[in-house]
Amino acid sequence: MAGSSSTEKHLNSWIIEYACHAAWKEFSTTMVVESIRDFVQGTISLPHARTSKLLSDIYFLVLICRLSDGEDYQTSYEKSTDSSETKTVLESVLQFFDKYLAPYLEGTSGPENIKAVKQASRYRSLIKAQSVITCGRADDFDTAQLVYDRQYSNIHTSHDKDWSSRLKTLLRSRNKNHRLIKENSYSKFLEIMVEYLKPLVEMRERPYLLKVEDSYCDMVTKMKSTETRIIQASSLARNGAIQDKAVTSTQIKLAQQKRREETVRDIERDNSNNNHVHTTQNSAASPSKRNHTSPQKSSHSSPPMSPPKSPQQSPSKSPHRPIEERIAEREAQKRAHTKSIKKNDFVYRKNENRENRHQVFSSDSVSDLGDSSDEEIPSKIPHRNLKSPQSRNSLAPPRDGIYRNRNSVSYVSSTAKRSKWTHAESFQLFKAVKEVGVGRWAQCKEIINTTRSSVNLKDRWRTMVKSKLVETFVKDYGPIG
């Protein structure tokens, strides 16, 4: 219990330090302590280690809170039976002002100490005078006279003497519009106090909780700067959309660890399945007594069993190999499988009802064409397999561009030069793919109205994906599909 209470006191001390920082931040900008008032009152009431530094923090919190409330002079923080003896807010400020400045005044020596004491005496006299002026500003000169009698019963400094003579003139006039009241407004008084307290607050150490936050932010910044950005190229054409997925090094480590655990589970599952198979084969190899019959009966009752496979035909994995070796083997198999199969590449499915357009004609099939030279030979057929003397001398299409066979279709000559793809053609292909989708090259060809084949369109699309031209079009004109 003692340890826990000590820890709790340390935590409360850090909270009080932060409360001083937050309260001063609000007071120095707005001249009030309003939004954080409940938090300040709660932190002061917490159990804490009563060190000199912590007591100074508490005096500071009470000081700025009462300076914020000082204009409402009737506010009472202490219960008293005699109303004439009840101190106003600014009168109670004086004791916390003295307690808060005591460590700073004791820490100086020589000329600096004399200068600091004179400066503190000047601002202390200003607080005393403002306590009287505040009552006069509210046209309550009876209370102002009581406050004056309590504050200036003993005059020790020149500042008090100067203010005493000026306040007597105010009390005799009993005029709330007196020049002394107008020249010393409460907002101006607070600005003067903030300017005086500002150097003292800057001498304070940064709260421990904020130091922890700074170190945490620095750590996060360093982690982000060291993480590498990896683009998964395989996800560029997934479902017809371009995806640029950034993976950090931390995520890669987690994925590797997860894959390792899955591999270990797969190996253990395979081992358990192998043990189950061996157990089943052993039980089948040793039949029970009820299955012992004569050779004749057994030949009629059941067909002969096939001979068991040799160890060479079905090599069994040794379950006693190290787990690291089996994991490495499994990873190598996955890498080889990934290289052989590209998941995101478009794969054509063969149409069994369509004739094979890549089939090479034999000499017999060519001879069956007959001696007629009316039917033109498509340029797709290799010239080396054409042994018929009736074939045309050139595989290029006729000059008029029309074949004499009405059922034949126009083919691009195999001797024609290949033309480069222009940027405009690539953009037309992108628009067509965006309209009908990836893989529908015949429809894309109809939309573009080009002489290029579907295979040319497919190859050009792959080149555009690899060169990231598709990614550029997606950024400018929107995703596909």
Side-chain angles (χ1 to χ4, degrees), residues 1-70 75 77 89 92-108 116 119-120 123 127 187 190-227 248-251 253-254:
M1 293 299 291
S4 61
S5 62
S6 176
T7 304
E8 183 181 359
K9 289 180 180 180
H10 281 295
L11 292 174
N12 295 337
S13 302
W14 298 340
I15 295 173
I16 291 174
E17 287 180 356
Y18 176 75
C20 291
H21 173 79
W24 170 252
K25 185 177 181 180
E26 182 181 7
F27 179 73
S28 60
T29 54
T30 62
M31 303 299 171
V32 293
V33 181
E34 188 65 31
S35 61
I36 204 173
R37 177 64 64 89
D38 295 336
F39 176 67
V40 170
Q41 292 178 351
T43 53
I44 292 176
S45 62
L46 293 174
H48 51 270
R50 290 189 170 274
T51 60
S52 58
K53 181 179 180 301
L54 193 61
L55 290 175
S56 177
D57 293 340
I58 294 175
Y59 295 150
F60 177 74
L61 287 173
V62 177
L63 173 63
I64 60 177
C65 287
R66 297 201 178 185
L67 284 174
S68 175
D69 300 338
T75 302
Y77 301 102
V89 178
S92 64
V93 165
L94 288 172
Q95 57 178 333
F96 294 102
F97 181 80
D98 296 337
K99 291 179 180 179
Y100 177 67
L101 291 180
Y104 296 99
L105 297 178
E106 293 174 359
T108 57
Q119 191 176 16
Y123 284 94
I127 296 172
S187 59
L190 290 179
E191 291 176 0
I192 294 173
M193 294 304 299
V194 168
E195 290 297 326
Y196 174 67
L197 294 174
K198 188 175 181 180
L200 301 178
V201 175
E202 291 176 353
M203 293 171 59
R204 298 166 54 88
E205 293 184 1
R206 187 170 176 81
Y208 181 77
L209 294 179
L210 295 182
K211 291 181 180 178
V212 172
E213 187 213 2
D214 294 340
S215 61
Y216 173 76
C217 293
D218 293 341
M219 180 184 66
V220 172
T221 304
K222 290 180 181 178
M223 289 178 62
K224 288 183 178 179
S225 61
T226 55
E227 287 177 346
T248 60
S249 58
T250 306
Q251 294 173 344
K253 291 180 181 179
L254 295 176

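Residues: numbered from 1 along the sequence shown.
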Revision key, fill the gap. Rounding to 0.5 Å, atoms CG (Leu209) and NE2 (His21) come to a distance of 10.5 Å
Practice item. Tell me, with the steps shown, if Val212 and Trp14 meet side chain to side chain contact (heavy atoms under 4.5 Å, CB included). Key: CA-CA 11 Å; Val212 172; Trp14 298 340; over 6 Å; no
Review point. Between Ser68 (side chain) and Val33 (backbone), is there a donor-acceptor pair under 3.5 Å?
Key: yes
Check your understanding: Which heavy atom of Leu67 sits nearest a heavy atom of Leu190, and at what distance?
Key -> O-CD2, 3.5 Å
Exercise for review: Can you measure from CE (Met219) to OG1 (Thr221) and round to the nearest 0.5 angstrom?
Suggested key: 9.5 Å
Point to revise | Over all atoms of both residues, closest heavy-atom pair of Glu26 and Thr29 | key: O-OG1, 3.1 Å
Point to revise | Tyr104 atom OH: more than 12 heavy-atom contacts under 6.0 Å | key: yes
Point to revise | Least distance between heavy atoms, Val93 atom then Leu63 atom | key: CG1-CD1, 3.5 Å
Practice item. Kindly give the heavy-atom pair with the smallest separation between Val40 and Cys65, and that separation in Å. Key: CG1-SG, 4.1 Å
Point to revise | Greater than 12 external heavy atoms within 6.0 Å of Lys198's NZ | key: no
Point to revise | Minimum side-chain heavy-atom gap Leu101-Tyr196 below 4.5 Å | key: yes
Study note, to complete from the structure: In this structure, OH of Tyr59 is separated from CD1 of Ile44 (nearest 0.5 Å) by 11.5 Å
Review point. Stepwise, does the side chain to side chain contact (heavy atoms under 4.5 Å, CB included) test hold for Ile127 with Met193?
Key: CA-CA 9 Å; Ile127 296 172; Met193 294 304 299; 3.8 Å; yes
Exercise for review: Measure from NZ or CZ of Lys211 to the centre of the six-membered ring of Tyr208, then state whether that distance is under 6.0 Å and the direction lies within 45° of the axis.
Suggested key: no
Point to revise | For Met31 against Val194, the heavy-atom pair lying closest together | key: SD-CG2, 3.7 Å
Practice item. State whether the side chain of Ser28 and the backbone N or O of Lys25 hold a donor-acceptor pair below 3.5 Å, judged by distance alone. Key: yes
Check your understanding: Below 4.5 Å, heavy atoms only, C-beta onward: do Asn12 and Leu54 meet side chain to side chain?
Key -> no
Practice item. Evaluate side chain to side chain contact (heavy atoms under 4.5 Å, CB included) for Glu17 paired with Glu205, printing each intermediate quantity in order. Key: CA-CA 9 Å; Glu17 287 180 356; Glu205 293 184 1; over 6 Å; no
Point to revise | side chain to side chain contact (heavy atoms under 4.5 Å, CB included) assessment of Val201 paired with Arg204 | key: CA-CA 5 Å; Val201 175; Arg204 298 166 54 88; 4.2 Å; yes
Point to revise | Taking every non-hydrogen atom, the tightest pair across Gln95 and Ser92 | key: CG-O, 3.1 Å
Exercise for review: Indicate yes or no for a side-chain donor-acceptor contact from Ser56 to the backbone of Ser52 under 3.5 Å, with no hydrogens or angles considered.
Suggested key: no
Review point. Phe60 pairs by side-chain contact (heavy atoms from CB on, under 4.5 Å) with which of Asp57, Ile64, Val62, Ile58?
Key: Ile64
Exercise for review: Kindly compute the distance separating CD1 (Ile15) from NE2 (His10), expressed to the nearest 0.5 Å.
Suggested key: 13.5 Å
Practice item. Could you tell me whether the side chain of Tyr18 reaches within less than 4.5 Å of the side chain of Thr43, counting heavy atoms only? Key: no
**Study point:** CZ-CD1 distance between Phe27 and Ile36, expressed to the nearest 0.5 angstrom
**Key:** 13.5 Å
**Study point:** Gln41, CD: over 12 other non-hydrogen atoms inside 6.0 angstrom
**Key:** yes
